[in-house]
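Structure first, commentary second.
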Amino acid sequence: NLKGCEISEASLNAALDESEPVDLLIRTGGESRLSNFMLWQASYAELFFTPTLWPDFGKDELTSIVSKFKNIERRFGGV
């Protein structure tokens, strides 16, 4: 029951299982969408999509994605 509750950024964060922001989000399986997965936490995340299915996703591909991530100029919503 939300009656009488103040809704704020802090109250939303407190209601999440994981409230820390995400820096890098990798979606496996060839889909180019988030399917509502961690939308609040991933608002400023760098998104990487790979056709590789999760069971086949390995160290080499992770290393490649992290290497690309390290070279991105992050703007956190700025221009």
Side-chain angles (χ1 to χ4, degrees):
N1 186 355
L2 294 177
K3 191 173 185 177
C5 292
E6 180 183 331
I7 297 175
S8 65
E9 185 174 339
S11 68
L12 287 173
N13 273 331
L16 297 172
D17 289 332
E18 177 55 60
S19 62
E20 293 298 316
V22 174
D23 292 322
L24 169 64
L25 194 144
I26 302 169
R27 173 71 191 251
T28 61
E31 300 293 341
S32 296
R33 63 178 187 270
L34 297 181
S35 301
N36 290 332
F37 179 71
M38 297 184 81
L39 293 178
W40 182 264
Q41 302 92 327
S43 59
Y44 295 116
E46 300 299 330
L47 309 176
F48 284 81
F49 301 95
T50 176
T52 306
L53 296 174
W54 175 245
D56 302 320
F57 187 81
K59 180 181 176 182
D60 290 341
E61 191 165 5
L62 178 61
T63 301
S64 174
I65 290 172
V66 170
S67 177
K68 291 174 187 172
F69 171 74
K70 286 180 177 180
N71 291 311
I72 290 175
E73 179 188 342
R74 302 197 61 211
R75 296 185 299 263
F76 300 95
V79 181

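Keep in mind that the numbers below use all heavy atoms, side chains included, and drop hydrogens, waters and symmetry copies. No experiment lies behind these values; they were computed from the predicted model shown.
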Original post:
In the hydrophobic clustering that connects Ile, Leu, Val, Met, Phe, Trp and Tyr at side-chain heavy-atom distances below 4.5 Å, which members other than Phe76 occupy its cluster, ordered by chain and number?
Top reply: Tyr44
**OP:** Quick one: pull up CE in Met38 and OG in Ser43 and give me the separation to the nearest 0.5 Å.
**Re:** 10.5 Å
Original post:
Are Phe49 and Leu47 close enough that some pair of their side-chain heavy atoms sits under 4.5 Å apart?
Top reply: yes
Original post:
Quick one: does Val66's side chain get under 4.5 Å of Lys70's, heavy atoms only?
Top reply: yes
Subject >> Pairs touching residues 12-29 that satisfy side chain to side chain donor-acceptor pair (under 3.5 Å), sequence neighbours left out >> reply: Asn13-Trp40, Asp23-Arg74, Arg27-Ser35
**OP:** Working to the nearest 0.5 Å, report the span between CG of Leu62 and CZ of Phe69.
**Re:** 11.5 Å
Original post:
Taking all non-hydrogen atoms of both residues, which atom of Leu25 and which atom of Ala42 are closest, and how far apart?
Top reply: CD1-CB, 3.9 Å
**OP:** Report the distance from atom CG of Leu39 to atom CD of Gln41, rounding to the nearest 0.5 Å.
**Re:** 8.0 Å
Subject >> Leu53 to Gly29 - nearest heavy-atom pair and separation >> reply: CD2-CA, 3.8 Å
Subject >> Contact check, side chains of Ile65 and Phe57, non-hydrogen atoms, under 4.5 Å >> reply: yes
Original post:
Stepwise, does the side chain to side chain contact (heavy atoms under 4.5 Å, CB included) test hold for Ile72 with Phe48?
Top reply: CA-CA 12 Å; Ile72 290 175; Phe48 284 81; 3.7 Å; yes
